[in-house]
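Take a look at the structure below.
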Amino acid sequence: MSFIDPRTVIFLTGLMSGLMALVLWSIRQTYPPNIRGLSAWSLALSVLFIAGVISTAREALPAWLGIAVPNLLLWVGGYIAYVGTQRFFGVGSNIRVWAVLILIAFAPSLWYTVVEPDYPMRLRVFNAMMLAIMVAYAVLLYRQGMDSLAKAMAFSMIVGIGAIQVMRFVTTYTDPVTSMTDKSPQQLIFVCTFAFAILLISISMVLMATDKLRSELEHLATHDPLTNALTRRHVNQSIDLELQRCKRNGRSLALLVLDLDNFKQVNDSFGHPAGDQVLIKFVKDVNALLRQGDQLGRFGGEEFVVVLPDTTLEAASLVAERIRTVVAAPGSLLSSAPGFAPFCTVSIGVTTNSLVTDSVSSMLARADAAMYSAKANGRNRVEIL
């Protein structure tokens, strides 16, 4: 492979990193702000681009700038990519500790570049620091699970870069080279595989961001953006599916229609932000009382529907009564306004699939009628129909 010039590979790696940095930056401008880490990934690749440019011109630069600084930038770029992935997955960063470690490693790297030039020793320092970053990076990815091609690709490439560092560290003793531009087989393998791994890691970053965007869009399509309850359309589809199962297997399906009492007074007295907090807390409290297979959806305003598969009318009535009791407890919905009694209670209508010909609309109509009966009979109560 002597026809391959390591300097050309280094330059192309830097150029590729710069282009991928632009791709990630453009994605960052269009993706939702809750998809974090993209800016850090873009910055990391930009740092690798600068390192590649400087390394290519190393022969025309002072040793500290042409050799030691690119090594430092490679560490920094690798660590910033690691931080970006931490932010992407919502994991905290310990930047100060890693900054100190990188600066400590830079001291011998600079020493073996300027004071006592020694390429094998400088390479060992570089490999050791890069390996530490890659091990931390691999552990982070492993803990997130290999549930997607993007994560598996990123993990494989990070492990690959770590293995390259180990291999290169060992070969500095068994078959040492004298410079980065050496065309020995081990040096060319080291440079080329590193470049290939950087490309695949960049692609995996884009894929992970795309996967997360798709998950966000799927979530928004099925969940209310304010309360995180299910949307009306999704709940209707769930009821329809459950009714089909009931007709096949003779099971029971229960529905609850819930409507907060006097909710308008909350908005009038405390403002709409307070009303929003009431709705959010209501959904959180109700979900805490439901089983894993039960579903809570928001049908509009302060009206909600609970779907209870495999539930009899008696059991559904007990669930409704527990919800009513929790909501009516002092301060349950307006705990952020001390000194005021809760303005909101809840009226609940309960029904089950009592008819063979029941449909989504017929069941919802019965449960809705039962809820209005609870309203007419004084609110803060459960009615069955």
Side-chain angles (χ1 to χ4, degrees), residues 5-29 37-88 93 95 98-114 119 122-123 125-134 136-137 154 157-158 161 164-165 168 179-181 187 190-206 209:
D5 186 356
R7 287 173 297 187
T8 302
V9 176
I10 293 170
F11 174 76
L12 292 176
T13 303
L15 181 61
M16 173 195 65
S17 299
L19 293 174
M20 292 304 297
L22 290 175
V23 170
L24 283 164
W25 179 253
S26 66
I27 289 176
R28 179 67 189 89
Q29 305 310 305
L38 301 183
S39 295
W41 284 343
S42 178
L43 177 60
L45 291 171
S46 298
V47 171
L48 296 183
F49 166 71
I50 296 171
V53 171
I54 296 176
S55 290
T56 304
R58 64 194 307 160
E59 294 179 359
L61 299 172
W64 67 269
L65 178 58
I67 299 174
V69 169
N71 287 348
L72 174 64
L73 292 177
L74 286 173
W75 292 334
V76 171
Y79 178 66
I80 293 175
Y82 169 60
V83 170
T85 306
Q86 286 181 309
R87 292 177 180 174
F88 182 81
S93 305
I95 296 177
W98 279 98
V100 170
L101 289 175
I102 290 173
L103 287 176
I104 290 174
F106 182 62
S109 178
L110 190 61
W111 177 272
Y112 290 117
T113 299
V114 178
Y119 179 71
R122 186 171 71 242
L123 190 55
V125 173
F126 174 82
N127 295 148
M129 187 66 241
M130 185 61 75
L131 178 62
I133 296 172
M134 293 302 105
Y137 206 152
M157 291 303 102
I158 294 298
I161 290 179
I164 292 169
Q165 306 311 310
R168 199 66 192 94
S179 73
M180 176 63 74
T181 57
Q187 184 71 1
F190 171 66
V191 173
C192 292
T193 52
F194 188 83
F196 183 70
I198 292 297
L199 173 61
L200 291 186
I201 289 173
S202 302
I203 294 173
S204 71
M205 290 174 177
V206 175

Verify the ring-centre separation between F88 and W41: is it less than 6.0 angstrom?
yes
As an exercise, state the distance from CG of L22 to OG of S42, rounded to the nearest 0.5 Å.
7.0 Å
Reported CG-to-OG1 distance for the pair L15 and T8, which is rounded to 0.5 angstrom
12.0 Å
Reported CD1-to-OG1 distance for the pair I80 and T85, which is rounded to 0.5 angstrom:
12.0 Å
Is any side-chain heavy atom of M20 closer than 4.5 Å to one of V206?
yes
Looking only at heavy atoms, which two atoms of S55 and I10 are closest? And how far apart?
CB-CG2, 3.7 Å
Quick one: does S109's side chain have a donor or acceptor within less than 3.5 Å of a partner on A105's backbone?
no
Considering all heavy atoms, the nearest M16-A195 contact
CE-O, 3.7 Å
If I compare all heavy atoms of A40 with all of G84, which pair ends up nearest, and what's the gap?
CB-CA, 3.5 Å
So, for M205 and L24, which heavy atoms are closest and what is the spacing to 0.1 Å?
SD-CD1, 4.0 Å
Criterion side-chain contact (heavy atoms from CB on, under 4.5 Å) on I133 and W98, from CA distance to verdict
CA-CA 9 Å; I133 296 172; W98 279 98; 3.6 Å; yes
Would you call T13 and L199 a side-chain contact if the rule is heavy atoms closer than 4.5 Å?
no
d(M157 CE, S202 OG) to nearest 0.5 Å is 11.5 Å
State, yes or no, whether a side-chain contact exists between Q165 and F190 at a heavy-atom distance under 4.5 Å.
yes
Would the distance check show the side chain of W75 and the main-chain N or O of F126 forming a donor-acceptor pair, the cut-off being under 3.5 Å?
yes
Hey, mind stepping through L73 and L48 against side-chain contact (heavy atoms from CB on, under 4.5 Å) and telling me if it holds?
CA-CA 7 Å; L73 292 177; L48 296 183; over 6 Å; no
Quick one, T113 and Y119 - any side-chain contact, counting heavy atoms below 4.5 Å?
no
Specify the closest pair of heavy atoms between G66 and I54, including all atoms of both residues, with the distance to one decimal.
CA-CG2, 4.0 Å
side-chain contact (heavy atoms from CB on, under 4.5 Å) evaluation trace for W25 with S46
CA-CA 10 Å; W25 179 253; S46 298; over 6 Å; no
To the nearest 0.5 angstrom, please state how far the CG atom of L61 sits from the OG1 atom of T56.
10.0 Å
Just by modelled atom types, is the Y112 backbone N or O under 3.5 Å from a matching donor or acceptor in the R122 side chain?
yes
Of all heavy-atom pairs between L65 and P70, which one has the smallest distance, and what is that distance?
O-CD, 3.1 Å
Is the CZ atom of R28 crowded by more than 12 outside heavy atoms at less than 6.0 Å?
yes
First locate atom CD1 of I201, then atom CD1 of I161, and finally report the distance between them rounded to the nearest 0.5 Å.
3.5 Å
Results of ring pair (Phe, Tyr, Trp, His ring centres under 6.0 Å) for Y137 - residues two or more places apart only:
Y82
